[in-house]
Amino acid sequence: MILELDCGNSFIKWRVLEANARSVVGEGVVDSDLALLDDLKTLKGLALKFCRLVSVRTADETSELTALLKASFNVSAVCAVPAREMSGVRNGYEDFERLGLDRWLAMLGGFHLAAGACLVLDFGTAVTADFVARDGGHLGGFICPGMPLMRNQLRTHTRKIRYGDRAAERALESLIPGRTTVEAVERGCLLMLQGFVLTQLELARSYWGKEFVVFLTGGDAALVSGIVPEARVVPDLVFVGLAMACPLS
Ligand SMILES: Nc1ncnc2c1ncn2[C@@H]1O[C@H](COP(=O)(O)OP(=O)(O)OP(=O)(O)O)[C@@H](O)[C@H]1O
Ligand SMILES: CC(C)(CO)[C@@H](O)C(=O)NCCC(=O)O
Ligand SMILES: [K+]
């Protein structure tokens, strides 16, 4: 079996594939290394032969995790590494090693699935946009705070903005002007996110007309999918790219 990990800033997304890499045996989202081990240990008949991972954490945090995996399951993790060029995509950063590896893999996956120009939008702790032209050239992208960061900044830097998660969820059932604090904040942040998305779409249209595919991924993709009906929501886009960057040896 194959273990795949996407180690983001807040969560680790994991999944276990059958040895032939065709079917998913189990998957989940956890907030710590130990929670990951716990989740994996509940899988019946787990027999890991291969592990590939992408991390945007520090090298120390990542090696701590790979050491735990070695000790617990006797599996060596193969980590995605930066590249100037891969699978037809050319990294557009001035310093290619500085581009977030989750962005890079999502682009590889997107360009592969689109077989042409694509706009990749990822909604995690941070929100990112990346532009890949038809010839595989990465034009660059944008990074801004995601929903969790936007709402936490408001909560942290004001005295009178306080509310719970359940109220936050309910507040997003509509986007009319808020009449409570929770509605005003949650809807305000979501409109910022949606405005960001529409701006990216305009830019993509200015480059490519209608000839491009939009991909939405990341934990909060559902918050904006309604305003981009033509987009492809691909929750495992990073894993698609991970399989390309770290093929089974
Ligand atoms: N099952 C889930 N578990 C955790 N978060 C989820 C889940 N479903 C949706 N979310 C939302 O997804 C967001 C986190 O996104 P995601 O897991 O893609 O990124 P991350 O690892 O936190 O950050 P990044 O990849 O930017 O470093 C949170 O805002 C959270 O509300
Ligand atoms: C932007 C995030 C946090 C998104 O997960 C990640 O891709 C990252 O840490 N990137 C490094 C900075 C950059 O991509 O320019
Ligand atoms: K991510």
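What you are looking at is a predicted structure, and each value in this text was computed from that prediction instead of being measured. Note that ligands are numbered from 1 as they come in the structure, with each ligand's atoms numbered from 1 the same way.
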For this session: Go through ligand 2 atom by atom and flag the ones less than 4.0 Å from a non-hydrogen atom of D102.
Result: 4 (C), 5 (O), 6 (C), 7 (O)
Exercise. If every non-hydrogen atom of Y93 is compared with every non-hydrogen atom of I143, which pair is closest and at what distance?
Worked result: OH-CD1, 4.3 Å
Exercise. Near R103, which atoms of ligand 2 are under 4.0 Å from a heavy atom of that residue?
Worked result: 7 (O), 13 (C), 14 (O), 15 (O)
Problem set entry | Under 3.5 Å: donor-acceptor pair, side chain of R162, backbone of R155 | yes
Exercise. Between T125 and ligand 2, which part of the residue brings a heavy atom under 4.0 Å of the ligand: side chain, backbone, both or neither?
Worked result: neither
Exercise. Should we say atom CE of M244 is surrounded by more than 12 heavy atoms from elsewhere, each under 6.0 Å from it?
Worked result: yes
Exercise. Any donor-acceptor pair under 3.5 Å linking the side chain of T42 with the backbone of D39?
Worked result: yes
Problem set entry | For R98, atoms of ligand 2 separated by under 4.0 Å from a heavy atom | 11 (C), 12 (C), 13 (C), 14 (O), 15 (O)
Seminar exercise, completed: Among V127, V238, N9, D6, the residue with a heavy atom nearest to atom 3 (C) of ligand 2 is N9
Exercise. Near L99, which atoms of ligand 2 are under 4.0 Å from a heavy atom of that residue?
Worked result: 14 (O)
For this session: Compare V56, V54, L101 and give the one whose heavy atom is closest to atom 9 (O) of ligand 2.
Result: V56
Problem set entry | Any side-chain donor near an acceptor of the partner, T58 and E61, under 3.5 Å | yes
Problem set entry | G92 backbone acceptor or donor facing H138 side chain under 3.5 Å | yes
For this session: Select the closest option to atom 10 (N) of ligand 2 among G8, G124, G100, S55, judged by heavy-atom distance.
Result: G100
Problem set entry | R90 side-chain N/O to D135 backbone N/O, donor-acceptor pair under 3.5 Å | yes
Exercise. Do any nitrogen or oxygen atoms of Y93 come within less than 3.5 Å of a nitrogen or oxygen of ligand 2?
Worked result: yes
Problem set entry | Name of the D122 atom (N/O/S only) found closest to the K ion (ligand 3) | OD2
